[in-house]
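Beneath this line is the structure, given in structure tokens, with notes to follow.
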Protein chains: 2
Amino acid sequence: MGWRAADRTEQTLKAQNDDAGEYLLENQVGHLLRRAHQRHTAIFQATIGDQQLTPLQFAALMKLADVGEASQNHLGRLTAMDAATMQGVIKRLIARDLIARRPDPDDRRRLLLTLTEAGVALVDVATARGHQISDETLDPLSPAERETFLKLLSRLSG
Amino acid sequence: MGWRAADRTEQTLKAQNDDAGEYLLENQVGHLLRRAHQRHTAIFQATIGDQQLTPLQFAALMKLADVGEASQNHLGRLTAMDAATMQGVIKRLIARDLIARRPDPDDRRRLLLTLTEAGVALVDVATARGHQISDETLDPLSPAERETFLKLLSRLSG
DNA sequence: CGACCATCGTTTGTGTACGAACAATTCAGG
DNA sequence: CCTGAATTGTTCGTACACAAACGATGGTCG
């Protein structure tokens with residue numbers, strides 16, 4: 001490993017630990033959030049990869065199983081997805097016949113989504129995996145720390 | 001809220017409230033990490049948007065300012081970016097003349113990256129914004145909570 | 001020396017992510 | 001009832017994110 005942190009020595013002796021001083025990437029929330037998210041999706045792929053599901057596809061399926069039926073935009077709001085993003089996720093799930101789409105009789109702008117039989121079957125299989133993925137992601141923390149972490153994290157997600 | 005969990009009842013009566021049972025998306029680490037990351041990038045864009053920088057471009061610039069000079073892959077490792085992702089980020093930064101690329105005389109596979117004058121100037125301006133972004137992202141937490149959160153989060157980023 | 005294997009940077013393909021613009025539809029007020 | 005504002009789903013463009021395969025180079029070891 002070629003780890004020579006170069007010699008950024010001279011001028012940074014004073015302000016290394018100030019808040020206003022040097023900017024250390026590895027201490028910034030954004031960078032840590034990004035890396036934690038990376039690690040999580042790696043665990044996701046390793047755990048559920050045999051189903052060819054992505055995290056967003058999984059989220060949409062699970063939420064749809066939860067609410068039963070929803071329009072695209074509504075499901076998008078429930079899963080924190082942009083309408084444009086939702087469009088692609090739904091398209092792929094429909095292509096795999098995991099969800100079905102029908103026009104809303106009461107509002108001709110809307111398309112109502114439901115799980116197909118195959119979708120329901122997949123959700124049944126994948127639920128346990130979902131819990132396993134969450135557990136493994138939190139594995140470096142003790143049970144008490146997990147609770148603390150999730151509580152703080154959810155306050156940063158609003 | 002249309003919360004009726006549909007009537008997929010028959011075979012799933014036993015495991016409704018177990019940990020193996022219902023899967024609530026909004027309690028899963030992955031979903032919360034994703035949403036926190038979303039919120040952070042929104043703050044990033046609002047704070048630094050006038051510079052037309054993305055979070056990854058910013059990270060690459062800051063890290064390069066930190067180490068002075070690095071090959072693409074090495075900088076990629078320092079910023080947790082895939083080599084293919086790095087390629088695009090670097091390409092855009094070079095197009096804006098914020099960084100420069102020259103062949104490594106000691107290894108003809110490598111391309112050494114350095115900040116240009118414009119790059120250095122931008123880093124100087126943007127450093128304060130970087131701290132501001134981190135602060136604002138952590139705004140919902142008290143100082144003590146921030147410390148706890150960052151400590152736990154960094155253990156989930158390894 | 002020469003086969004072998006690792007590393008460097010690139011390209012391709014698929015899948016998020018989101019702003020912006022759009023047509024169709026619905027809804028609110030006058 | 002009719003005009004304007006809001007909502008729904010779509011498309012386009014840009015930018016991550018990463019697996020996989022690639023040619024070129026570098027290092028190792030028999």
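Just so we're on the same page: letters track the sequence lines, and every chain starts at 1.
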B:Met86 CE - C:dT7 C1' separation (whole Å) = 16 Å

query = Do any N or O atoms from the side chain of A:Thr41 and from the backbone of A:Phe44 form a donor-acceptor pair under 3.5 angstrom?
reply = no

request  = Let me know which of B:Arg110, B:Arg101, B:Arg77, B:Gln87 forms a side-chain hydrogen bond (donor to acceptor under 3.5 Å, both in side chains) with B:Gln72.
outcome  = B:Arg101

message = Is the phosphate of C:dG9 approached by B:Arg101 (side-chain N or O, under 4.0 Å from OP1 or OP2)?
response = no

query = Rounded to whole angstroms, how far apart are NZ on B:Lys91 and C1' on D:dT14?
reply = 11 Å

Length of the line joining A:His74:NE2 and D:dA6:P, which is rounded to integer Å = 21 Å

inquiry  = Run B:Ile133 and B:His40 through side chain to side chain contact (heavy atoms under 4.5 Å, CB included) and show every step you take.
reply    = CA-CA 8 Å; B:Ile133 290 165; B:His40 171 264; 3.6 Å; yes

request  = Round to a whole Å and report the spacing from CG of A:Asp104 to P of D:dG9.
outcome  = 9 Å

task = Compare side-chain N and O positions of A:Arg77 against OP1 and OP2 of D:dT8 and report whether any pair is under 4.0 Å apart.
result = yes

query = Is a side-chain donor or acceptor of B:Glu136 paired with a backbone partner of B:Thr47 at a separation under 3.5 angstrom?
reply = no

ask   = So, is A:Gln57 near the phosphate of C:dT16, with a side-chain N or O under 4.0 Å from OP1 or OP2?
value = yes

Please tabulate, one pair per line, each protein N/O and nucleotide N/O from nucleotides 17-20 of chain C that are separated by under 3.5 Å, including the distance.
from	atom 1	to	atom 2	distance (Å)
C:dA17	OP2	B:Arg34	NE	2.7
C:dA17	OP2	B:Arg34	NH2	3.4
C:dC18	OP2	B:Gln38	NE2	3.4

message = Just the rounded figure in Å: distance from C1' of C:dT16 to NE2 of B:His31.
response = 15 Å

ask   = Roughly, in whole Å, what's the span from CG in A:Leu113 to P in D:dT8?
value = 13 Å

A:Arg39 CZ - D:dC18 C1' separation (whole Å) = 18 Å

Rounded distance (nearest 0.5 Å) linking atom NE2 of B:His31 with atom CG of B:Leu25 = 4.0 Å

ask   = Starting at the 5' end of DNA chain C and moving along, which residue's nearest nucleotide shows up first, A:Thr54 or A:Arg108?
value = A:Thr54

inquiry  = Check the phosphate of C:dT10 against B:Gln72, side-chain N and O only, distance under 4.0 Å to OP1 or OP2. Yes or no?
reply    = yes

key: ILVMFWY clustering at 4.5 Å (side-chain atoms), partners of A:Leu32   = A:Val29, A:Leu33, A:Leu138, A:Leu141, A:Phe149, A:Leu150, A:Leu152, A:Leu153, A:Leu156, B:Val29, B:Leu32, B:Leu33, B:Leu138, B:Leu141, B:Phe149, B:Leu150, B:Leu152, B:Leu153, B:Leu156

Separation of atom CG in B:Asp107 from atom P in D:dG26, rounded to whole Å = 5 Å

ask   = Counting only N and O atoms by type, is there a donor-acceptor contact under 3.5 Å from the side chain of A:Arg155 to the main-chain atoms of B:Pro140?
value = yes

ask   = Do the side-chain N or O atoms of B:Gln87 get closer than 4.0 angstrom to the phosphate oxygens (OP1, OP2) of C:dT11?
value = yes

inquiry  = Is there a side-chain contact between B:Arg110 and the phosphate of C:dT10, meaning an N or O under 4.0 Å from OP1 or OP2?
reply    = no

query = Do B:Arg109 and C:dT7 share a donor-acceptor pair, side chain to base, under 3.5 Å?
reply = yes

